Student: 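Input: one structure, supplied below.
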Protein chains: 2
Amino acid sequence: MRPHANTLDAQVVLEQPASRAASLGLRELAALLKIDLDGVNVDPGMTFTLRRVQQGAALYHAGDQFGPIYAIRSGTFKCVLLDANGSYQVLGFPMASEVLGLDGIEEQHYRTEAVALEDSEVAIIPFPRLAHLGGRAGGLQQFVYRLLSRQLAREHMQMWLLGSLGAESRVAAFLLLLGERYAHLGYSDTRYHLRMTRLDLGSFLGLTQETVSRALSRFHETRVIQVHNKELKILDAERLHQIVANARHSG
Amino acid sequence: MRPHANTLDAQVVLEQPASRAASLGLRELAALLKIDLDGVNVDPGMTFTLRRVQQGAALYHAGDQFGPIYAIRSGTFKCVLLDANGSYQVLGFPMASEVLGLDGIEEQHYRTEAVALEDSEVAIIPFPRLAHLGGRAGGLQQFVYRLLSRQLAREHMQMWLLGSLGAESRVAAFLLLLGERYAHLGYSDTRYHLRMTRLDLGSFLGLTQETVSRALSRFHETRVIQVHNKELKILDAERLHQIVANARHSG
DNA sequence: CGCCTCGTTGAGTTCAATCAAAACGGGTGG
DNA sequence: CCACCCGTTTTGATTGAACTCAACGAGGCG
C-alpha cells in the first residue's frame, strides 16, 4: 500500500507452518541481532518464543518484576523513563535487531516502560535462566551483567537530566547525586571535594563553565550551599531537591 | 591536612606486606563493587592486579585495542568522548566501586578516554579471558555482553547529542541516525516513516514539540528534507551532516 | 458529523550562550 | 619571600536561541 515498507513484515512468520510460527532458533536469533556465533558450540535445539505486541501496548512497565529480555523482530518501540511526579523522558526508539529490557538486570525490576509504536513482534529471551548457566564461571558472568546494567541505569538518569532539566536544576541534581555517591562510599554526603574543573562539569551537564559557575554562585548567595573553589558544602539539601523538581519542560 | 578526606587512601594498600600489595581477591573485588556472590561457587585463588594511575594520566585512550576492564579502588576519573573535530563530551565521573571500559566490548576497542582526576588505583579485570570461560553457555554469555555494550555505546552518542548540539543539529543528527538504522535493516536510509509523535521526539531530543516541528519545517523549506506528517524523505544528506557539525558549544 | 489528538505557525518572553575582562590560586624560579 | 605566569573561576553586558502561550489546521475515529 505504501510506496515503501518500513516494517519487517509479520507475514514472514505467519506464512510458515503453524508449528514453527511462534518461535525462533538460536542461530536465527543471532542473525537477527547481527551477532557472530562462529566457533561457539551452541545447542541447536534451543528456541525462543515469539510474542506479538500491538500498537500502543506496553511490553513491560516501569517497576515490573524483572523477567525476560526481548529481541525485537519487527516493529518499533519507545523506551520511556517515568518520573515520580508524572513527567516522562523518552530514552530511545528501539527497532528490529535491538534489545529491550537490559536495564532491569541489576535491580531485578524493569526501570523503564517499553511501548510499541506500531504492531510489533519480539523474541523472548529468558535472561534469568541464561544467567544461571555456565557452571564455574557463572558467578563472574552475573558479576559483569550487573556492572553493565548498572552503567545503563546511570546513563538513563543522565539522559533524563540532560533532556528535561534547566541549568540550575542540572547543577543541583548533580550536587545531590554526587553526595549520594560519596555517602555510598562512606563519606559525607553534604561536604566533599569537586575533583573536576568547571569546564568538565559544564561538558558533562551540557552547560558552559560560566553557567555552572553562576549557578554555584547563586546557590552560595542564597545559602543553599557553601562553595570555595572545589571545596563544597551542602547547607540545605531540601532546597536543592526543590530546585531539581522545578524542571524546565517537565509538567 | 584537609578537614575531610575524600579519597580511599592508597595507604591501605601500601601498608600491607609487599606480596599482597599489588592484587585483590575475587571476594574483595565483589565487596568493592557491592556485588553479592552468595551461593556462587568461586575460585578463591583468583586475584586481580592493581594499577596506579596518577592525576592527569589516561587509563586508556579512545580507539585503543580493547583489553581489560577496570574496577576503581580509589580516586576519581572522567570519561570523555572525543569527537572527530576535536570537541569533547564528558560522559561521567566514575569513582571508587565503579567500573571503567565496559563500552569497548562490542567494537573491541575503547570508545572513550578515561583520565584520572586525582591519583587513583584500579583493579585490572581481564575481561576477554572472563568471557571465554563458561563452557556450553559461553556463546550465550558473550551474546549478552555485546548487547549490553552496544546499548552503552548508543547511549553515549545520545548524551553527546544532548550535551553538545543545538536544536536543529539534534533533529538533523536524529534523522541521519534513524536513516542509518533503517539502512542497517535493509530499508532506504533516505526515505522512511517517523513512527513517533513530535512530542515523543521532543522528549527524546530534549526539545519541545514546537521546536522539533519548526526544525523540520525549516529543513523542508530549505529543500534539505521533504516531510508530510510522519512521512519523511531526506533530499540533501550532505547538508544535514553540515548542520550537525554546526554544534552549539563544540569547539 | 463532531470530537479529539496531533501538528503547525506566530508573537512575546526567558534563559543560557557568548564575548570580554578582571580576580584568584597554585606553581615556578629568581 | 616575592614576582610572575599560567590555568581556572568569577562576574558583567549583550545577544540569540529555545521555551511558552495561544490559536488554528489537519487527520483519524466513533
Side-chain angles (χ1 to χ4, degrees), chain A residues 1-2 54-56 78 87 90 115 117-119 161-174 193-222 225-232 243 246-251, chain B residues 1-2 55-56 78 87 89-90 115 117-118 161-172 174 193-222 225-232 243 246-251:
Chain A
M1 190 114 287
R2 293 211 180 81
Q54 60 182 334
Q55 186 173 52
K78 67 171 172 182
S87 71
V90 175
V115 178
L117 295 179
E118 62 182 313
D119 289 358
L161 187 153
L162 289 170
S164 61
L165 296 188
E168 289 199 352
S169 300
R170 290 186 201 184
V171 177
F174 177 79
H193 220 93
L194 294 169
R195 297 237 119 84
M196 67 296 295
T197 67
R198 303 282 193 271
L199 191 67
D200 283 337
L201 191 43
S203 171
F204 181 63
L205 297 176
L207 302 170
T208 59
Q209 55 179 349
E210 294 98 321
T211 301
V212 173
S213 178
R214 268 186 256 272
L216 291 175
S217 296
R218 175 92 66 102
F219 293 162
H220 186 96
E221 285 170 15
T222 55
I225 66 170
Q226 195 174 311
V227 59
H228 178 62
N229 278 339
K230 299 201 158 79
E231 214 64 45
L232 190 133
I243 291 168
N246 287 12
R248 197 177 37 184
H249 41 298
S250 74
Chain B
M1 189 115 286
R2 294 209 177 83
Q55 185 173 53
K78 67 172 173 182
S87 71
Q89 168 73 31
V90 174
V115 178
L117 295 179
E118 62 182 312
L161 186 153
L162 288 171
S164 61
L165 296 188
E168 289 199 352
S169 300
R170 289 187 202 182
V171 177
F174 176 79
H193 220 92
L194 293 170
R195 296 236 120 84
M196 67 295 296
T197 67
R198 302 285 192 269
L199 191 67
D200 283 338
L201 191 43
S203 170
F204 180 62
L205 297 176
L207 302 169
T208 58
Q209 56 179 348
E210 294 98 323
T211 301
V212 173
S213 177
R214 268 186 256 271
L216 290 175
S217 295
R218 175 92 68 99
F219 293 162
H220 186 95
E221 287 171 14
T222 55
I225 66 171
Q226 196 175 312
V227 60
H228 179 62
N229 281 339
K230 296 201 162 78
E231 214 64 46
L232 189 133
I243 291 167
N246 288 9
R248 195 177 38 184
H249 41 298
S250 73

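Nothing here was measured: the structure is a model prediction, and the numbers come from that model. The sequence lines fix the lettering, A, B, ..., with proteins before strands; numbering per chain opens at 1.
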Student: Mind calculating the distance between CG (A:Leu162) and P (D:dA18) to the nearest angstrom?
Tutor: 16 Å
Student: Expected output is a numbered-order residue list: members of residues 214-222 of chain A with a heavy atom under 4.0 Å from any atom of DNA chain D. What is it?
Tutor: A:Arg214, A:Ser217
Student: To the nearest Å, give me how far apart CG (A:Leu232) and C1' (D:dT9) are.
Tutor: 15 Å
Student: Report the residue from A:Val227, A:Leu232, A:Ile243 that forms a side chain to side chain contact (heavy atoms under 4.5 Å, CB included) with A:Phe219.
Tutor: A:Ile243
Student: With sugar-phosphate meaning primed atoms plus P, OP1 and OP2, does A:Gly202 contact a base, only sugar-phosphate, or nothing at under 4.0 Å between heavy atoms?
Tutor: nothing
Student: What integer distance in Å separates B:Glu168:CD from D:dC19:P?
Tutor: 12 Å
Student: Between atom CD in B:Gln55 and atom C1' in C:dG26, what is the gap in whole Å?
Tutor: 12 Å
Student: Under the 3.5 angstrom rule, does the side chain of B:Glu118 hit a backbone N or O of B:Gln55 as a donor-acceptor pair?
Tutor: no
Student: Which heavy atom of A:Gly56 sits nearest a heavy atom of A:Val115, and at what distance?
Tutor: O-CG1, 3.7 Å
Student: Does D:dC19 have OP1 or OP2 sitting under 4.0 Å from an N or O in the side chain of B:Thr208?
Tutor: yes
Student: Pick the closest DNA chain C nucleotide for B:Val212 and for A:Ala167 by heavy atoms, then say which residue is nearer the 5' end.
Tutor: B:Val212
Student: Between D:dA22, D:dG27, C:dA20, which nucleotide gets closest to the side-chain atoms of A:Glu210?
Tutor: C:dA20
Student: Measure CZ/A:Arg170 against P/C:dC15 and give the value in whole Å, please.
Tutor: 14 Å
Student: Just the atom pairs and distances: protein N or O near nucleotides 2-7 of chain C's N or O, under 3.5 Å.
Tutor:
| unit_1 | atom_1 | unit_2 | atom_2 | d |
| --- | --- | --- | --- | --- |
| C:dG7 | OP1 | B:Lys230 | NZ | 3.3 |
| C:dG7 | OP2 | B:Arg198 | N | 2.9 |

